[in-house]
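Convention: sequence-line order gives letters A, B, ...; per-chain numbering from 1.
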Amino acid sequence: MATAGKRGHCQSAGDPLDCFDMADPVQASSERKSLEDREKMTDLERLRHSAAHVMAAAVVRLWPTARLDIGPATEEGFYYDFDLPDHRFTPEDFPAIEAEMKKIVRENHRFEKAVRTRDEARELFAGRGETFKIERLNDIPEAEPISTYQSGEFVDLCAGPHVMRTGNVKAFKLLRVAAAYYRGDEKNQQLQRLYGTAFPNQAELEAWLKMQEEAKRRDHRKLGAEMSLFVFDAEYTGPGLPLWLPAGTVLIEELEKLAKESEFEAGYLRVRTPHLAREKMYRTSGHLPYYAESMYPPMELADASQAAGGGGPDPAAQAGGIASDRYYLKAMNCPHHHRIFAAEPRSYRDMPMRLAEYGTCYRFEQSGELFGLMRVRSMQMNDAHIYCSPEQFPQEFDAVNAMYLKYFKIFGLEKYVMRFSTHDPSRLGQKFVDEAELWKRTEEMVRRVLQESGIHYVEVPNEAAFYGPKIDVQVWSAIGREFTIATNQVDFAVPARFGLAYRDRDNTDKTPMCIHRAPLGTHERFIGFLIEHYAGNFPLWLAPEQVRVLPVTSDQVGYAEEIVRELRAQFVRAGLEFSHDKLPGRIQRAEEAKVHTMLIVGAREQSEGMVAVRRHGQGNQGARPRTEAVAEILRAIRDRRD
RNA sequence: GCCAGUUUAGCUCAGUGGUAGAGCAACGGUUUUGUAAACCGUGGGUCGGGGGUUCGAAUCCCUCAACUGGCUCCA
């Protein structure tokens with residue numbers, strides 16, 4: 001993993017694998033900003049960076065032994081890293097720090113820039129015991145000037161820029177305390193990081209805080225519990241292993257229905273594979289030994305001759321002198337699909353061969369990385385592998401792309417970026433498989449497809465997978481969280497590892513290319529995203545409870561039951577509620593449960609064969625003939641409209 | 001895995017060393033109901049698990065776990 005860059009995945013030279021890693025949070029980069037970047041800093045970033053100085057100054061006043069590292073602006077505010085062995089920050093310290101910050105703001109110091117020689121700066125920080133600053137000083141390229149900023153008694157090694165005076169830092173708030181490894185490397189010591197945010201004025205700060213509150217309301221973990229979609233039962237099931245409740249299972253099955261329909265239309269063949277496989281599978285794929293740590297530990301069958309049955313023990317294990325047989329829970333489906341491809345002789349007439357499966361994978365994510373449904377240890381992937389010839393590739397890739405766009409339209413996803421990761425020619429044969437021509441051609445094809453479909457994409461050099469370029473789809477949930485929700489990868493290398501081949505027209509064996517694709521990602525992350533995207537107000541086709549019929553009095557129960565029967569006969573998820581509550585109470589509960597459509601039937605409706613339609617969140621839509629209302633519901637479900 | 005915080009009834013939360021509480025939900029009954037909460041009653045908790053201090057622990061201490069916020073990681 002040493003060659004892996006800061007933020008990508010599948011980029012290490014040791015990784016010849018598919019990798020549907022769905023996580024890719026945006027992280028504040030700990031890399032140095034160039035001088036040009038600094039000039040581009042927005043006013044808000046200047047303000048926040050200045051606020052970081054004010055906070056650091058306050059901390060040093062309160063804890064004079066604190067040593068400073070760095071304090072940049074981030075997307076939501078700023079942080080500053082401290083080394084302070086004799087005190088651990090807790091949120092209880094915030095009022096004192098904020099009070100001291102206010103004092104510094106009132107003192108209204110100028111941010112005074114001073115350009116210094118290296119030796120002067122070194123001496124200055126050595127005198128203050130600021131060892132991190134001296135190390136950071138050594139990072140600054142020879143050509144760049146060294147500058148410090150002073151506000152009051154506080155001096156920091158800093159290239160700026162800042163606001164004019166501490167008095168300009170008007171509205172700020174400390175947010176949280178966290179640990180952070182020095183230089184972002186877990187081999188280094190941990191520093192204490194204080195996060196805060198700052199805005200030009202109090203009103204904007206408060207608006208932002210309010211937005212954060214709103215975000216919490218649509219958090220998928222909260223809504224998932226409220227709507228009984230899933231639970232985590234760590235004590236019995238295990239951390240990161242969700243149990244899908246009936247309502248959540250509806251979402252899964254509707255998504256699978258969508259996927260199966262689109263994949264059927266697009267000529268995919270469905271396959272099914274077990275949740276585990278022998279060690280040899282992952283040794284051949286290359287996952288072992290590099291990634292064993294990210295997989296659940298193997299199940300070891302001590303008596304191999306007995307365990308192995310007809311096949312005998314794993315020869316590789318025997319060769320190593322181990323008379324045992326190991327099975328691993330699968331962390332990805334591709335090796336299994338490769339073996340399916342290899343199961344029978346293949347002809348060019350079979351190509352392209354598109355093997356699809358909602359495969360369940362298990363990844364032993366570190367405990368601290370688990371995050372609701374977004375980062376779990378068991379996941380069901382909208383997986384498929386397309387085996388094709390290089391000639392067939394553009395068309396296949398284009399079709400995959402079209403499927404992505406189809407899905408985005410269905411879900412009303414307007415804000416997304418495709419992140420196109422390409423190779424670096426200078427690293428062919430090391431980080432990237434040594435196929436210069438294939439790289440060039442494939443990347444050009446991919447680029448052209450992206451451009452022609454008018455998709456918004458960014459190209460990221462040097463972040464491709466070992467075996468080919470890839471596209472990650474990044475989306476934002478309605479609350480502004482960014483996720484990699486889907487991925488589409490080109491693979492020229494792994495089919496060869498498995499010895500995959502097809503007989504071509506010229507009667508020679510050729511190795512196929514492979515496209516790994518998962519436009520709906522995993523159920524877990526995709527549904528987590530959808531919950532936030534819709535704030536739990538699912539469109540009719542997805543809504544766990546689509547229709548609830550509410551008779552006004554017991555006299556209409558029979559009529560209501562008739563309507564429910566009619567709907568259920570058409571596979572509409574409809575129910576009836578008649579309880580001791582008055583109508584407004586039952587409406588309230590249906591609204592709270594986010595039931596998509598309520599059909600209210602009283603004496604008036606019954607006598608005229610009507611229903612009064614009420615849409616969740618939209619109030620009373622008025623009475624309509626029952627047949628018309630039912631037909632409209634069926635149409636909307638069929639068209640996957642809201 | 002690391003740092004910090006949190007963990008009390010199904011849910012939201014109150015309870016700072018002296019008999020575990022409220023609202024909602026659940027259940028039972030009354031009410032026959034017209035577009036976001038009718039009324040009355042009942043049951044429900046080993047206060048995350050374990051250990052310790054104390055006459056006495058939800059409350060103080062230790063430890064383990066899960067979750068949350070970050071960091072690292074992310075095949």
I'd like to know if A/Glu532 and A/Arg218 make a salt bridge, using a cut-off of under 4.0 Å between side-chain N and carboxylate O.
no
Between B/rG34 and A/Glu605, counting only base atoms on the nucleotide and side-chain atoms on the residue, is there a donor-acceptor pair under 3.5 Å?
yes
What nucleic acid atoms does A/Ala603 come within less than 4.0 Å of, heavy atoms only: base, sugar-phosphate, or nothing?
base
Taking any heavy-atom pair under 4.0 Å as a contact, classify A/Gly372: base, sugar-phosphate, or nothing.
sugar-phosphate
I'd like to know if A/Tyr181 reaches the base of B/rG70 with its side chain, counting only an N/O donor and acceptor under 3.5 Å.
no
Of A/Phe364 and A/Gly240, the one whose closest RNA chain B nucleotide lies more 5':
A/Gly240
Rounded to whole Å, CD of A/Gln190 lies from C1' of B/rC71 at a distance of 6 Å
Separation of the C1' atoms in B/rU42 and B/rA4, to the nearest angstrom:
43 Å
Below 4.0 angstrom from OP1 or OP2 of B/rG70, is there any side-chain N or O of A/Arg193?
no
With sugar-phosphate meaning primed atoms plus P, OP1 and OP2, does A/Gly602 contact a base, only sugar-phosphate, or nothing at under 4.0 Å between heavy atoms?
base
Looking at every strand, decide which applies to A/Phe578 at a 4.0 Å heavy-atom threshold: base, sugar-phosphate, or nothing.
base
Please classify the nucleic acid contact of A/Ala225 as base, sugar-phosphate, or nothing, using heavy-atom distances under 4.0 Å.
nothing
Whether the A/His423 and A/Asn462 side chains hold a donor-acceptor pair (N or O, under 3.5 Å, no angle test) is what I'd like checked.
no
Please give the nucleotide sitting opposite B/rC2 as a Watson-Crick or G-U wobble pair, both distances under 3.5 Å, or none.
B/rG70
Salt bridge flag under 4.0 Å for residues A/Arg615 and A/Asp642:
yes
Mind checking A/Asp555 for me? I need base, sugar-phosphate or nothing, with any heavy atom below 4.0 Å counting as a touch.
nothing
Could you tell me whether A/Arg604 contacts a base, only the sugar-phosphate backbone, or nothing, with contacts defined as non-hydrogen atoms closer than 4.0 Å?
base
Does the side chain of A/Glu357 pick up a donor-acceptor pair with the side chain of A/Thr273 at under 3.5 Å?
yes
Send over the distance from A/Phe89 CZ to B/rC71 P, rounded to a whole Å.
17 Å
Whole-Å distance separating the CZ atom of A/Arg221 from the P atom of B/rU7:
17 Å
Atom-pair distance (CD on A/Gln366; P on B/rG1), nearest Å:
7 Å
For A/Lys582 and B/rU31, what is the distance between atoms NZ and C1' respectively, to the nearest whole Å?
6 Å
For a quick check of understanding: with a heavy-atom distance under 4.0 Å over all strands, which category does A/Arg176 fall into, base, sugar-phosphate or nothing?
sugar-phosphate
Should the ring pair A/Tyr362 and A/Tyr296 be called parallel, tilted or perpendicular, given that the plane angle runs from 0 to 90° and is split at 30 and 60?
perpendicular
Can you see if the side chain of A/Arg615 gets near the phosphate of B/rA36 - specifically, an N or O under 4.0 Å from OP1 or OP2?
no
Opposite nucleotide pairing with B/rA20, Watson-Crick or G-U, both atom distances under 3.5 Å
none
Could you tell me which nucleotide pairs with B/rA38 by Watson-Crick or G-U wobble geometry, both distances under 3.5 Å, or answer none if nothing does?
B/rU30
Spacing of the P atoms in B/rC71 and B/rU59 (rounded, Å):
33 Å
P atoms of B/rU30 and B/rA14, separation to the nearest Å:
38 Å
Phosphate-side-chain proximity, A/Thr90 and B/rA4, N/O vs OP1/OP2 below 4.0 Å:
no
Interatomic distance where CG belongs to A/Leu191 and C1' belongs to B/rG70 [whole Å]:
13 Å
Suppose you measure atom P in B/rC3 against the same atom in B/rC64; what distance do you get, rounded to whole Å?
11 Å
Closer than 4.0 Å, any side-chain N/O of A/Tyr195 to the OP1 or OP2 of B/rC71?
yes
Given atom CD of A/Glu235 and atom P of B/rC64, what is their separation to the nearest angstrom?
18 Å
B/rA25 -> Watson-Crick or G-U wobble partner, both distances under 3.5 Å, gives none
State whether the distance check finds a donor on one side and an acceptor on the other, under 3.5 Å, for side chain A/Arg614 versus base B/rA36.
yes
Between B/rU6 and B/rG48, how far apart are the P atoms? Round to whole Å, please.
13 Å
Looking across every strand, which nucleic acid part, if any, lies under 4.0 Å from A/Thr237 by heavy atom: base, sugar-phosphate, or nothing?
nothing
Do the side-chain N or O atoms of A/Arg586 get closer than 4.0 angstrom to the phosphate oxygens (OP1, OP2) of B/rU35?
no
Starting from P on B/rU6, measure out to CG on A/Leu370 and report it in whole angstrom.
21 Å
By the Watson-Crick or G-U definition, both distances under 3.5 Å, B/rA65 is matched with B/rU7
Between A/Arg614 and A/Glu591, does any side-chain N to carboxylate O distance fall below 4.0 Å?
yes
Parallel, tilted or perpendicular: rings of A/Tyr358 and A/His523 (30°, 60°)
parallel
Are a donor atom and an acceptor atom from the side chains of A/Thr484 and A/Asp472 found within less than 3.5 Å of each other?
no
If we take the C1' atom in both B/rG43 and B/rA25, what is their distance in whole Å?
13 Å
5' precedence on RNA chain B between A/Ile600 and A/Gly368 (nearest-nucleotide basis)
A/Gly368
